[in-house]
Amino acid sequence: MARKLRREEDKTIGLVPTMGALHEGHLSLVREARRMCDVVVVSVFVNPAQFGPGEDFARYPRDLTNDTTKLSDYNVDYIFAPPVEEIYPKGFSTYVSVDGLSEPLEGAARPGHFRGVATVLTVLFNSIRPDFAFFGQKDAQQTLVVRRLVRDLAFDIEVVVLPTVREQSGLALSSRNAYLSAEDRRAAAVLYRALSQAREVYMEGERSPKRLAETVRAQIESEPRARLEYVGVADAETMEKLDRVHEDRPVLIALAAHFGGTRLIDNIILQPARPKSRATGRLASPGEG
Ligand code: AMP
């Protein structure tokens, strides 16, 4: 569909892949796609291949009517919401695995998850042929997996990653927040408080991944409604486990935690402070992801 448009009119195509139940996090990607591209395609597909047995595939929130209403403010050109058999026809048997990057943290917690993600994105990229594809930093490891997929399989696509959109409380927006009770939603703000506290101790000079992780763990364990599944500290570009945080490389702190029956993930990236700028004499402050 969109491919034909581009061939005829040489337009740039931006793809925003989502699983629907759209919120401001998704819409921030759509806005940027609209700003950068001539044609904007939003895919809405709850991808069975990225859910493990016992996960929430069946009950994942689906509301295409509401999603379409939300997107109507953004002048989106196409909403691509295929049925499962269109992406995975009978006899489908080809899967894409991004080794290495997919293995730690979220990959270890959800075996097969990134294989499902890489496979569906390959199908979407080949069907839609976007020039740009938009992803959120909220899924930090996914952004690395996607960049590697695009590079290794020679997709002619620029991957654009945008910051995590948060509620005032710091809670990262997520379609799964809809599952939370009012109390759990309040309690879940502890995740970003914990990550922010790790950033503070990092800025005070802490370079031990173990102690950074312990800072996060201690904060989360102080919230009785939270059950921490993992917190990990890794190189933000290679996902390698670190013995020590390097002064010149960004570091990712990523976690998953449960509130009642709801599993949430969050992360921050700690950027090494840039050297003193001669022009202003000020120190650049470490950024956040
Ligand atoms: P999902 O529908 O959860 O698969 O997410 C679709 C895209 O939206 C992914 O690239 C996510 O990283 C991104 N996304 C989800 N939540 C947020 C958020 N709070 N801020 C920014 N991007 C997000």
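First listed ligand is number 1; within each ligand, the first listed atom is number 1.
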Discussion item. Whether the side chain of Glu223 engages the backbone of Val190 through a donor-acceptor N/O pair (distance < 3.5 Å, no angle test) should be reported.
Written reply: no

- Query: Under 3.5 Å between some N or O of ligand 1 and some N or O of Pro17?
  - Reply: no

Phe135 heavy atoms within 4.0 Å reach ligand 1 at atoms 10 (O)

Gly116 backbone acceptor or donor facing Thr119 side chain under 3.5 Å | no

Query raised in the report: Where does the angle between the aromatic ring planes of Tyr179 and Tyr60 fall among parallel (under 30°), tilted (30 to 60°) and perpendicular (over 60°)?
Result: perpendicular

Q. When you look at Gln137 and Ile269, which way does the side chain to side chain contact (heavy atoms under 4.5 Å, CB included) test go after all the steps?
A. CA-CA 9 Å; Gln137 184 59 40; Ile269 292 184; 3.3 Å; yes

Check whether NZ of the Lys or CZ of the Arg Arg207 lies under 6.0 Å from the centre of the six-membered ring of Tyr202 and within 45 degrees of that ring's axis. yes

For atom 4 (O) of ligand 1, the closest protein heavy atom turns out to be Met19 CG, 3.5 Å

Are Arg62 and Phe57 in a cation-pi setup, meaning NZ or CZ lies under 6.0 angstrom from the ring centre and within 45 degrees of the ring axis?
-> yes

Atom 15 (C) of ligand 1: closest protein heavy atom, distance to 0.1 Å, is His23 CE1, 3.9 Å

If you scan protein heavy atoms around atom 20 (N) of ligand 1, the nearest is Val165 N, 2.8 Å

ask   = Can you check whether Leu29 has an N/O within less than 3.5 Å of an N/O in ligand 1?
value = no

Exercise. Is the CG atom of Asp243 crowded by more than 12 outside heavy atoms at less than 6.0 Å?
Worked result: no

Logged contact type for Glu24 with ligand 1, heavy-atom cut-off 4.0 Å, is neither

Residues passing the salt bridge (Lys or Arg N to Asp or Glu O under 4.0 Å) test with Glu240, sequence neighbours excluded, are none

Atom 11 (C) of ligand 1: closest protein heavy atom, distance to 0.1 Å, is Asp139 OD2, 3.1 Å

The answer for which part of Pro163 has a heavy atom under 4.0 Å from ligand 1 is backbone

Note: heavy atom closest to atom 9 (C) of ligand 1, options Glu167, Gln142, Arg166, belongs to Gln142

A student checking ligand 1 against Leu173 at a 4.0 Å heavy-atom cut-off should list atoms 16 (N), 17 (C), 18 (C), 19 (N)

heavy-atom search around atom 22 (N) of ligand 1 in the protein gives Gly136 CA, 3.5 Å

Ligand 1 atoms nearer than 4.0 angstrom to some heavy atom of Thr18 are 2 (O), 6 (C)

Residue, atom and distance of the protein heavy atom nearest atom 5 (O) of ligand 1 read His26 NE2, 3.4 Å

So the salt bridge (Lys or Arg N to Asp or Glu O under 4.0 Å) pairs with at least one residue in residues 28-54 (sequence neighbours excluded) are Glu24-Arg31, Glu32-Arg35, Arg34-Asp77

